[in-house]
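Here is how names work: the chains are called A, B, and so on, in the same order as the sequence lines, proteins then strands, and each is numbered from 1.
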Number of protein chains: 2
Amino acid sequence: MLMNELKYSDVDIRALLKRHDIKPTSQRIDIARVLLQRQTHLSAEDIYKIVNPDKPGASPGRPRSPKQRVSKATVYNTLGLFAEKGLVREVIADPNKIFYDPNTAPHHHFYDVTTGALTDIDAGAVEVIGLPPLPEGTSLEGVDVVVRLRQT
Amino acid sequence: MLMNELKYSDVDIRALLKRHDIKPTSQRIDIARVLLQRQTHLSAEDIYKIVNPDKPGASPGRPRSPKQRVSKATVYNTLGLFAEKGLVREVIADPNKIFYDPNTAPHHHFYDVTTGALTDIDAGAVEVIGLPPLPEGTSLEGVDVVVRLRQT
DNA sequence: CTAACTGCAAACGTTTTGCAACTTT
DNA sequence: AAAGTTGCAAAACGTTTGCAGTTAG
């Protein structure tokens with residue numbers, strides 16, 4: 001097993017999905033592999049492109065692209081499902097798109113407003129103190145800290 | 001001057017805009033007034049509706065609606081300009097829309113994922129500690145803390 | 001075999017853009 | 001009068017949905 005680029009066999013991924021109550025279809029395995037292998041934050045569009053490497057610009061006449069593997073709808077549905085089942089985390093930092101983060105351990109983010117790049121902040125030392133009690137009838141879903149940066 | 005509902009005269013608003021290097025047009029004054037008077041977080045669509053109270057559902061045949069006052073494009077452009085000039089703050093908490101917050105003092109937010117409601121967290125006691133140094137060549141734009149809640 | 005999933009294309013809601021007409025200064 | 005601003009409509013973007021056909025258990 002390499003240092004930074006983890007290797008996941010299909011068997012591993014199937015087991016992981018099952019553990020999260022997700023029926024492992026081939027599309028879901030593809031998407032999960034992309035997310036797990038690269039330790040980066042990816043948008044749905046990013047994943048769509050990675051999973052369908054050769055999809056040409058819309059050519060509606062063609063009955064079926066031979067290497068088309070996962071439709072846009074499935075990418076979105078699958079990512080939503082993964083988030084709901086706790087396999088990945090949605091990061092709301094860019095006003096235009098959702099990022100999906102395979103790192104589910106509590107941690108925070110730098111968001112570069114110039115480039116749109118998102119990077120992890122090592123969770124260890126960071127702490128938010130002094131939060132008031134939650135409003136009546138609500139439970140905590142999570143605390144997101146986004147440190148916005150500008151290129152100088 | 002009332003407690004919670006501040007009164008701003010057009011003269012006040014003109015001065016405020018000028019202080020922020022924004023040329024005070026009548027549309028900008030309208031939008032600024034909406035934002036300042038209500039101390040809430042509003043989306044562009046919210047503001048569009050407030051500023052154009054009687055806009056009927058699309059009736060393209062009609063040459064001009066007599067009470068139409070601010071176009072959608074102008075609302076978006078103006079809010080972007082206000083944010084850029086530091087008159088309001090963009091809040092990225094809802095994955096679908098940007099909220100504009102007239103409160104420019106440092107503070108944080110509760111975001112109710114069930115209802116989409118955004119509420120201020122009194123800034124006083126809240127503090128984020130242990131943040132790592134910023135990456136090379138970047139400066140701090142702001143630190144946003146969003147506490148996500150779920151209705152129980 | 002059945003329930004669940006997928007693909008497609010069309011619909012959606014938010015935000016942006018191009019350009020002619022109009023206000024501000 | 002010049003520069004900047006506005007309105008409109010259309011387009012662009014990310015995302016969701018409806019439904020017929022397919023696949024996993």
Side-chain angles (χ1 to χ4, degrees), chain A residues 10 13-15 17-18 21-32 42-49 51-52 55-85 90-100 116, chain B residues 10 14 17-18 21-32 42-49 51-52 55-85 90-100 116:
Chain A
D10 284 17
I13 294 174
R14 290 189 106 85
L17 293 179
K18 277 186 187 141
D21 260 319
I22 298 168
K23 197 169 288 186
T25 67
S26 68
Q27 292 86 342
R28 289 172 179 179
I29 292 170
D30 283 359
I31 293 172
L42 297 169
S43 68
E45 190 67 28
D46 294 337
I47 292 172
Y48 177 73
K49 290 207 199 94
V51 172
N52 300 305
K55 186 92 197 296
S59 37
R62 189 114 70 66
R64 177 151 317 183
S65 174
K67 299 241 191 74
Q68 157 86 10
R69 305 184 58 223
V70 186
S71 75
K72 214 161 252 203
T74 297
V75 171
Y76 278 94
N77 290 339
T78 299
L79 290 172
L81 180 69
F82 283 5
E84 188 190 315
K85 297 293 190 182
E90 289 184 343
V91 182
I92 314 297
D94 183 304
N96 299 310
K97 60 174 79 122
I98 301 175
F99 282 107
Y100 291 88
Chain B
D10 284 17
R14 291 190 105 87
L17 292 179
K18 276 187 185 138
D21 261 318
I22 299 169
K23 198 169 286 187
T25 68
S26 66
Q27 292 86 340
R28 289 171 180 180
I29 293 170
D30 283 358
I31 293 172
L42 297 169
S43 69
E45 190 67 28
D46 294 336
I47 291 172
Y48 177 73
K49 290 207 199 94
V51 172
N52 301 304
K55 187 95 197 294
S59 37
R62 187 113 72 64
R64 176 153 318 185
S65 172
K67 298 241 190 74
Q68 156 86 9
R69 311 194 45 227
V70 186
S71 75
K72 213 160 255 204
T74 298
V75 171
Y76 278 93
N77 291 340
T78 299
L79 290 173
L81 180 70
F82 284 4
E84 188 190 317
K85 298 293 191 182
E90 289 184 344
V91 182
I92 314 299
D94 183 305
N96 299 309
K97 57 174 77 122
I98 300 175
F99 283 108
Y100 291 88

For B:D46, salt bridge (Lys or Arg N to Asp or Glu O under 4.0 Å) partners two or more places apart:
none

When rounded to the nearest 0.5 Å, the distance separating CD1 of A:I47 from CG of A:D30 is 11.5 Å

Apply side chain to side chain contact (heavy atoms under 4.5 Å, CB included) to residues A:I22 and A:R28 and explain how you reach the verdict.
CA-CA 9 Å; A:I22 298 168; A:R28 289 172 179 179; 3.9 Å; yes

I need the OH-C1' distance between B:Y48 and D:dT6, as an integer number of Å.
13 Å

Using rotation axes that map the C1' atoms of four end pairs onto the next four (five pairs an end), what angle separates the end axes of the helix from C:dC1-D:dG25 to C:dT25-D:dA1, to 10°?
40°

B:F99 side, atom CZ; B:E90 side, atom CD - distance, nearest 0.5 Å:
12.5 Å

Tabulate protein N/O versus nucleotide N/O from nucleotides 20-25 of chain D, keeping only pairs under 3.5 Å, one per line.
none

In this structure, which one of A:L42, A:I31, A:V75 forms a side chain to side chain contact (heavy atoms under 4.5 Å, CB included) with A:Y48?
A:V75

I'd like to know if the side chain of A:N52 and the backbone of A:V70 have a donor-acceptor N/O pair within less than 3.5 Å.
yes

Using a cut-off of less than 4.0 Å, is there contact between a side-chain N or O of B:Q27 and OP1 or OP2 of D:dG7?
yes

Rounding to an integer number of Å, can you tell me how far A:D30 CG sits from C:dC5 P?
16 Å

In whole angstrom, what separates B:L17's CG from D:dG4's C1'?
15 Å

Rounded distance (nearest 0.5 Å) linking atom OH of B:Y100 with atom CZ of B:F82
11.0 Å

note: B:D21, atom CG; D:dA3, atom C1'; distance rounded to Å ~ 16 Å

Distance test, side-chain N/O of B:R28 to OP1/OP2 of C:dT24, below 4.0 Å:
no

With B:E45, which residues qualify under side-chain hydrogen bond (donor to acceptor under 3.5 Å, both in side chains), at least two apart?
B:K72

Spacing of CG belonging to B:N77 relative to OG belonging to B:S71, to within rounding of 0.5 Å:
7.5 Å

Rounded to the nearest angstrom, tell me the gap between atom CG in B:L79 and atom P in D:dT5.
15 Å

Might you list the N or O atoms of the protein lying below 3.5 Å from N or O atoms in nucleotides 12-18 of chain D, with each pair's distance?
from	atom 1	to	atom 2	distance (Å)
D:dG14	O3'	A:N96	O	3.4
D:dT15	OP1	A:I98	N	3.0
D:dT15	OP2	A:Y76	OH	3.0

What is the distance from CZ of B:F82 to P of C:dT15, rounded to the nearest Å?
16 Å

Within the pair B:S71 and D:dT6, is there a side-chain N or O less than 4.0 Å away from OP1 or OP2?
no

Would you call B:V91 and B:I98 a side-chain contact if the rule is heavy atoms closer than 4.5 Å?
no

Once you round it to whole Å, what is the distance between C1' of C:dT6 and CG of A:L81?
13 Å

Any residue meeting salt bridge (Lys or Arg N to Asp or Glu O under 4.0 Å) with A:D21, in chain and number order, not counting sequence neighbours
none

